[in-house]
Amino acid sequence: MSLIINGVAVAPPADPRVSLLDHLRETLHLTGTKKGCNQGACGACTVLADGERILSCLALAVQYDGRSITTIEGVGQAGALHPLQQAFIDHDGFQCGYCTPGQICSALGMVAEAKRGLPSNVTADLTAAVTLDRGEVQERMSGNLCRCGAHNGIIDAIRQSVETVA
């Protein structure tokens with residue numbers, strides 16, 4: 001049994017009751033993923049599991065045996081920011097920065113969902129390709145809270161980088 005975190009196979013926690021969030025932060029020392037509410041309500045702990053966004057505070061690490069987990073540390077490369085990370089800088093989408101890792105991971109998952117044609121609550125035409133306009137992005141990112149006021153910059157950063165985000 002192993003987890004694949006940012007492309008590296010790692011052992012699962014000894015205790016099967018450990019959340020993925022606690023395993024990432026406490027055992028693997030990947031502290032980019034933040035513990036906000038620890039109840040799945042704020043999105044600060046969002047990571048990608050096989051490219052889909054999940055709330056790591058609500059997931060047991062052992063549930064993800066053999067699956068590929070991407071944390072903020074796995075986005076971009078050393079010396080080269082991911083286009084979405086650069087867009088957050090360009091649009092001042094990170095005032096305090098606490099929610100930024102979860103916002104970025106969530107946005108990457110959100111773009112993948114839209115490319116697969118998954119509708120949201122505000123998608124007007126369920127038969128057409130999803131257009132990530134401002135309202136669509138706001139709805140799809142509503143599970144990730146920003147408490148310091150960088151919301152507009154976050155939405156602008158996501159919208160700017162939509163075409164380059166894979």
Side-chain angles (χ1 to χ4, degrees), residues 1-78 80-89 91-116 118 120-121 137-151 153-155 157-158 161 165-166:
M1 180 174 193
S2 70
L3 304 168
I4 302 155
I5 310 291
N6 300 326
V8 176
V10 299
D15 183 346
R17 298 170 297 172
V18 172
S19 71
L20 180 57
L21 173 62
D22 287 340
H23 189 53
L24 292 170
R25 291 184 57 81
E26 306 303 326
T27 307
L28 303 176
H29 306 291
L30 295 172
T31 57
T33 305
K34 303 300 185 216
K35 185 180 279 193
C37 67
N38 208 32
Q39 297 177 345
C42 73
C45 67
T46 304
V47 297
L48 300 170
D50 296 328
E52 294 184 9
R53 52 190 171 164
I54 64 164
L55 299 169
S56 62
C57 73
L58 297 180
L60 295 175
V62 296
Q63 291 176 281
Y64 292 88
D65 176 30
R67 294 187 62 191
S68 179
I69 305 297
T70 303
T71 68
I72 192 65
E73 290 90 350
V75 175
Q77 300 172 359
L81 293 176
H82 186 281
L84 184 55
Q85 291 171 312
Q86 185 60 54
F88 265 67
I89 293 169
H91 290 277
D92 238 358
F94 60 99
Q95 285 185 16
C96 78
Y98 196 82
C99 73
T100 304
Q103 296 275 3
I104 288 174
C105 287
S106 187
L108 293 170
M110 182 261 314
V111 169
E113 292 165 6
K115 286 183 179 180
R116 289 194 316 268
L118 298 177
S120 78
N121 191 46
V137 171
Q138 286 175 315
E139 170 65 21
R140 290 172 182 265
M141 293 297 294
S142 64
N144 290 80
L145 305 179
C146 172
R147 294 183 176 105
C148 71
H151 178 77
I154 291 166
I155 300 302
I158 294 167
S161 63
V165 174

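These numbers were taken from a predicted model, which means no experiment stands behind them. These numbers come from the heavy atoms of this one structure, side chains and all, not from hydrogens, waters or symmetry mates.
From L118, atom CG reaches atom CD of E52 across 8.5 Å, with rounding to the nearest 0.5 Å. Rounding to the nearest 0.5 Å places CD of E139 at 5.0 Å from CG of N121. For the atom pair D65 CG and L60 CG, the distance stands at 13.0 Å (nearest 0.5 Å). One finds the CD atom of E73 at 6.0 Å from the OG1 atom of T31 (value rounded to the nearest 0.5 Å).
With H23 contributing its side chain and A11 its backbone, the two residues share a donor-acceptor pair below 3.5 Å. Without hydrogens or angle criteria, R25 side chain to T33 main chain gives a donor-acceptor distance under 3.5 Å.
Side chains of N144 and S106: a donor-acceptor N/O pair is present below 3.5 angstrom, by distance only. Checking T71 against N6 by side-chain atom types alone, a donor-acceptor pair falls below 3.5 Å.
In the displayed structure, R116 atom CZ is contacted under 6.0 Å by more than 12 heavy atoms of other residues, nucleotides or ligands. Annotation for R147: atom CZ does not count as buried by contact number, only 12 or fewer foreign heavy atoms lying within 6.0 Å.
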Take R53 and R140 through the test side-chain contact (heavy atoms from CB on, under 4.5 Å) and record every step on the way to the result. CA-CA 11 Å; R53 52 190 171 164; R140 290 172 182 265; 4.2 Å; yes

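The only member of L55, I72, L108 that meets side-chain contact (heavy atoms from CB on, under 4.5 Å) when paired with T46 is L55.
The shortest non-hydrogen separation linking A49 to Y64 is CB-CE2, 3.8 Å.
At a threshold of 4.5 Å between non-hydrogen side-chain atoms, the residues C99 and C146 count as touching.
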